[in-house]
**Student:** 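Here it is: the structure, laid out below.
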Amino acid sequence: MKAVFSALSSRLPWIVIGLLFLWAAAAVARRHGQKEADGGIVIRLAHWQLEAGVREGFAEAAAAYAKLHPHVRIVQEAIPESTYGQWLSTQLMGGTAPDIIEAGMVEPPLMTAFYNRYLLPISPYITQPNPYNAGTPLANVPLHRTFKDGLIRSFVPEVQEFMVLPLAMSSLRLYYNRSLLHQLTGLEEPPTEFRAFMKMVDTIQSQNTPHGEPYRAFTGSKFHFVRMEDAMAKPLTYGALRKIDFNRDGRFSIDEMFLGFATEKIGFDDPAYRAFFRMVGELTRVLPPGWAGLARDEALFQFAQQRAVFTAAGIYEAAGIQDQARGKFELGVMDFPVPLPTDPEFGAVLEGPRYEKPDGNMPMAITRTSKHPEIAADFLLFLTSLRQNEIFNARLKWIPIITGARGDPSVRVFEPNLRGVFPAFDPNIFGNTFIKWNQLYTLHQIGQLSYEDLAHQFTAYYTTQGREDFREFLRNRRRAQLQDEQLLVGLRQSARAQTGTASDWIKYRTIVATRQADGDKTLLQQNRVFTEPEALARETFYQYSPAALENIARQAAPSTP
Amino acid sequence: MRFRHDPPNVHASISRSVPEALRRVAGLIGALVLGACAPGGRPPDALLRQAWEDYRNSEFALATQTFRALQASQPAGAEIAVEALYGEASCWNHRRSGRNIAKAVALYDALLDQHPDSPLAPWAALDRVRTRHLAPADQDIDFPQLIQDYAALERRYPGTPAAADAFLYRIRLAVSLADAAQAAVLATEIEAHLAAHPEEPYRSPLLKILAEAHHKRGAEDRRLASLVGALESREDDPSTPFFERSTAYWEIAYAAEFDAGDFALARKFHRLLLEEFPNDDRAFAAEKALARMDRVEADVRAGRMPPADRIAPSPQ
């Protein structure tokens, strides 16, 4: 007996490994057995949305689809956000990816490579009406026009194809504990004007919980701060755009900000940037001590425990927050407070409400390895039909992406504002500048570096060592052109061989003109910061030229009889 | 085809020091391997398609192997063999890891020397110039030389699509580097080219570059006409219903307001942006621009000219 036990004991690791192998093999076999059960078709779908309601929403949509198509079963795999990127990369490269994936959670250049290699364009579908819209006002409307965002961001210029179908829209708002707000301030609703709001914040923070700790106005973490910064501080920088819009396209870019600093057309003394930092100071002043070191979930805990009144959150967190509040306190949602035009510090620079991009959420794509891509596409059409998108988003409590689909009344406050100002401040040109900026800005946020010192130290770095990072930034643009050249030669060959679509030549010429030739223009223009900085600094934007003024005067002059 | 600034004996160094026979033996081995592996002995055109698919998917090693096998297995001069030669050159030219420009140039040269009448010859010549235009990012580019190279290609292969590409690339570089006097000469050249080539496939981008040339020489009215012409002649892909015109509208409106003082045109294009792209991030600025122009006009009528040295405000 002892000998047997001794033999077993010495072989125990191998026995455990063997048993684990058998268990794993059985689990895989059972999974595959489930997938191919009844000889039907199984469509696998993967996403990273673990928020409450999403899995149920997909499950209900899958059940509704199965009623129409009994031979098809939709199986979802919800992968945690933190590992989704790695998981997706492994699955795609290994050829084992699901039929439908949520596209994202990897760096943009890698995602572009994935679009090229592993995902199928959905372009053939988007000029056709969605068959699941039959009998609705969208019955004969081409698919792309049924989306609120017109599928603008589904188009991937690098591959000149539409690649994803989004399922919802999202936006950020302030959730608040209405019961606690009333208890601490006597208010039913928080003020929407910034100064009154901050006065209310001080009132909240002057009171203590039953345990003797001060109440906090906001849940505090880096994650939450960034949201408040985006919504309340960054829109103040919009006016700076008109000083640094080197390509005069009406949009801000990080390269233009660098050029602005390098040519001294702008600096930290700009009123728009000063206002931004003053607002950052206002916000960090009222965040709980140690906020910069707290994680998102730790901070949300403060809200669930009714120690903080407000939390900045996306619509996709709504269901989770509602679950936390249920039976404990009444929940309210508001847009971020805004300074009045008469505000002594911010009124002069805030030019309008903040613009919220109407980006689609949950961008779903079809993999090239799918055995049934047409059925995968059909399920996505089902999900983006007027009726189903309404049902799906009502379940999730998100904003439908399809025009005319009614949103749950509780999400109306989340409807994005599509007319307003956007940020014109982002000093990240990658490399060491990125690290330097984060170090200095973090010290400033926690009160260990004054605005003046931050401005001085970062400007000194940005306009010296930052130049090397900018050179590398331009080199990366050149590397991207080489990648586009490969795409061009591939397109040209399929166009020549007539194996591609009739529009391959048009796509080819579009890339030649917009990415290669225009890319040269941008490179040569921006390289002037090294070759002829004085000439670059003399350029003016948003100023009437003398010739223009002459013309204006001539045209505006009252006509003589 | 040869260019004066070619690296000396690049072609010779590859195609002679690595003897053709050796390459053929390697290709033959590849062909045998392919033949053994290919299910059902796939026909050469299917293999060629597969090689291009691998190339597009950045599977350069696989693509190179198939392209070489096809060169070895097909009669010399056969269309498939020539295309495979071109494909192999493309692999060496465009792979990010292990890019070998010298090898690519040698293969382009081989194609140009051995198959000068192939439809791929102009493309090989273009790609050869492009190897210098898209030189490794840490190397400086000799733009004046590049401009001459593109011009030489246009002369060597007139009327071909490759020459059209070369013209666009050349004019793009030349206008970017030009001063006012050179811009005037280039504007004349572009206008003459467009007049002589009514079917020019790059009419729209060339008109945009022409607009830039006119701007450099201070001819704002002609700049606006060129920008509008570029918009009107844009080639839209019917399979891509999203025709992004908002940037073109913005560019015309900006130039019309600030550089030409043509408020009527500026208003027209700001309104078009608001109508067709109401959710564009510049819609707010377009609205403000319309209000600003109204105010400026009113001020001018009242005898108050806006200052030329100050940034135009965004009306509250």
Side-chain angles (χ1 to χ4, degrees), chain A residues 116-117 123 126-127 142 144 149-152 155 160 239 242-243 248-251 341 351-352 355 357-358 418-422 475 478-479 481-482 485-486 489-490 493 499 501 503 506-507 509-510 512-513 517 520-521 524-525 542-553 555-556 558, chain B residues 49 52 55-58 90 94 96 119 123 127 130 134 137-138 165 168-169 172-173 176-177 201-202 204-205 218 220 235-242 247 250-251 254 257-263 278-279 281-285 287-288 296-297 300-301 305-306 308-312 314 316:
Chain A
N116 256 325
R117 296 180 69 163
S123 303
I126 62 169
T127 50
H144 72 101
D149 67 349
L151 285 180
I152 287 173
F155 185 71
Q160 290 286 301
R242 291 195 297 279
K243 296 172 188 166
R248 300 156 179 89
D249 71 345
R251 287 182 170 141
E351 297 188 11
Y355 173 78
K357 272 187 186 173
L418 302 175
R419 206 51 74 86
V421 300
F422 48 80
R475 285 187 205 117
R478 286 176 58 183
R479 292 180 184 115
Q481 281 187 311
L482 181 65
E485 197 78 355
Q486 179 198 350
V489 171
Q493 283 317 107
T499 53
T501 63
S503 64
I506 300 177
K507 287 189 193 342
R509 287 192 288 268
T510 303
V512 166
D520 285 342
K521 176 189 171 185
L524 288 166
Q525 159 78 359
Y542 299 86
Q543 293 182 20
Y544 293 107
S545 70
L549 286 174
E550 251 179 57
N551 213 9
I552 294 163
Q555 288 173 15
Chain B
R49 275 198 302 276
W52 278 115
Y55 165 86
R56 274 188 281 271
N57 289 334
S58 303
S90 303
H94 299 139
R96 256 76 71 199
W123 292 119
D127 289 347
R130 298 288 291 161
L134 302 174
D138 55 353
D165 282 21
L168 178 73
Y169 288 134
R172 171 66 274 163
L173 295 178
S176 281
L177 298 168
Y202 290 113
S204 176
E220 293 301 332
E235 187 179 37
D236 289 327
D237 178 358
S239 73
T240 303
F242 171 58
T247 297
W250 177 272
E251 280 173 356
Y254 178 97
E257 182 185 358
F258 291 107
D259 296 327
D262 185 344
F263 280 8
N279 298 343
D281 51 1
R282 290 168 294 203
F284 177 81
E287 272 180 345
K288 293 290 176 187
V296 166
E297 267 180 352
V300 170
R301 286 199 185 99
M305 285 299 286
D309 60 347
R310 212 173 299 159
I311 290 177
S314 177
Q316 292 283 329

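Note on naming: letters A, B, ... go to the chains in the order of the sequence lines (proteins, then strands), and numbering restarts at 1 for each one. Note that the structure is a prediction, hence the values are computed from the model and not measured.
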**Student:** Only pairs of heavy atoms separated by less than 4.5 Å count here; which of A:Arg251, A:Gln525, A:Gln481, A:Arg475 has the most with chain B?
**Tutor:**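 Most heavy-atom pairs within the cutoff with chain B belong to A:Arg251.
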**Student:** On a heavy-atom basis, which atom in A:Glu485 and which in B:Asp127 lie closest, and how many Å separate them?
**Tutor:**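 Taking every non-hydrogen atom into account, OE2-OD1, 4.5 Å.
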**Student:** Any idea which heavy atoms bring A:Ile506 and B:Asp236 closest together, and the distance?
**Tutor:**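 Taking A:Ile506 first and B:Asp236 second, the nearest heavy atoms are CD1-O, 3.9 Å.
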**Student:** For the interface with chain B, which of A:Arg479, A:Arg242, A:Arg509 has the highest count of heavy-atom pairs at distances below 4.5 Å?
**Tutor:**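 Of the options given, most contacts go to A:Arg509.
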**Student:** Atom OG of B:Ser58 and atom CZ of A:Arg117: how far apart are they, to the nearest 0.5 Å?
**Tutor:**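 Those atoms lie 5.5 Å apart.
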**Student:** With distance as the sole test, does B:Arg301 use its side chain to make a donor-acceptor pair with the main-chain N or O of A:Ala556 at under 3.5 Å?
**Tutor:**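 Indeed, once roles are kept as given, a pair shorter than 3.5 Å links the two residues.
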**Student:** With chain B as the partner, which of A:Asp249, A:Thr510, A:Leu524, A:Val421 has the greatest number of non-hydrogen pairs under 4.5 Å?
**Tutor:**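 Answer, by heavy-atom pair count under 4.5 Å with chain B: A:Asp249.
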**Student:** Quick check: do B:Leu134 and A:Arg478 have side-chain heavy atoms less than 4.5 Å from each other?
**Tutor:**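 A side-chain contact under 4.5 Å is absent here.
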**Student:** Could you give the distance from NZ (A:Lys521) to CZ (B:Arg172), rounded to the nearest 0.5 Å?
**Tutor:**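 Reported to 0.5 Å precision, the distance equals 5.5 Å.
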**Student:** Is B:Asp281 in contact with chain A via its backbone, its side chain, both, or neither, using a 4.5 Å heavy-atom distance?
**Tutor:**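 Both backbone and side chain.
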**Student:** Only pairs of heavy atoms separated by less than 4.5 Å count here; which of A:Ala547, A:Ala517, A:Ala513 has the most with chain B?
**Tutor:**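 Of the options given, most contacts go to A:Ala517.
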**Student:** Could you measure the distance from the CD1 atom of A:Ile552 to the CZ atom of B:Phe263? Nearest 0.5 Å is fine.
**Tutor:**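 Output value for this atom pair is 3.5 Å.
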**Student:** Of all the heavy-atom pairs spanning B:Ala283 and A:Arg419, show the shortest one and how long it is.
**Tutor:**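 In this case the closest contact between B:Ala283 and A:Arg419 is CB-NE, 3.2 Å.
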**Student:** Among B:Pro201, B:Pro205, B:Gly218, B:Ser204, which has the most heavy-atom pairs under 4.5 Å with chain A?
**Tutor:**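 That would be B:Pro201.
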**Student:** In this structure, are over 12 heavy atoms from other groups packed under 6.0 Å from A:Lys243 atom NZ?
**Tutor:**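 Count over threshold, so yes.
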**Student:** At what distance, to the nearest 0.5 angstrom, does CG of A:Asp149 lie from CG of B:Asn279?
**Tutor:**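 CG of B:Asn279 is found 8.5 Å from CG of A:Asp149.
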**Student:** For the residue pair B:Val300 and A:Ala553, what are the closest heavy atoms and their distance?
**Tutor:**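 Closest approach of B:Val300 to A:Ala553, heavy atoms only: CG1-CA, 3.7 Å.
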**Student:** Give, for atom CG of A:Asn551 and atom CD of B:Glu257, the distance between the pair rounded to the nearest 0.5 Å.
**Tutor:**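 With rounding to 0.5 Å, CG (A:Asn551) is 12.5 Å from CD (B:Glu257).
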**Student:** May I ask you to decide if the ring planes of B:Trp250 and A:Tyr542 are parallel, tilted or perpendicular, using 30° and 60° as cut-offs?
**Tutor:**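 It falls in the tilted class, 30° to 60°.
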**Student:** With a 4.5 Å cut-off on heavy-atom pairs, point out which of B:Glu287, B:Glu220, B:Glu235 contacts chain A the most.
**Tutor:**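 It is B:Glu235.
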**Student:** Using 0.5 Å steps for rounding, measure from the CZ atom of B:Arg56 to the CG atom of A:Asn116.
**Tutor:**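 It comes to 10.0 Å.
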**Student:** Please classify the contact between B:Tyr55 and chain A as side chain, backbone, both or neither, with a heavy-atom cut-off of under 4.5 Å.
**Tutor:**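 For B:Tyr55, heavy atoms of backbone and side chain both lie under 4.5 Å from chain A.
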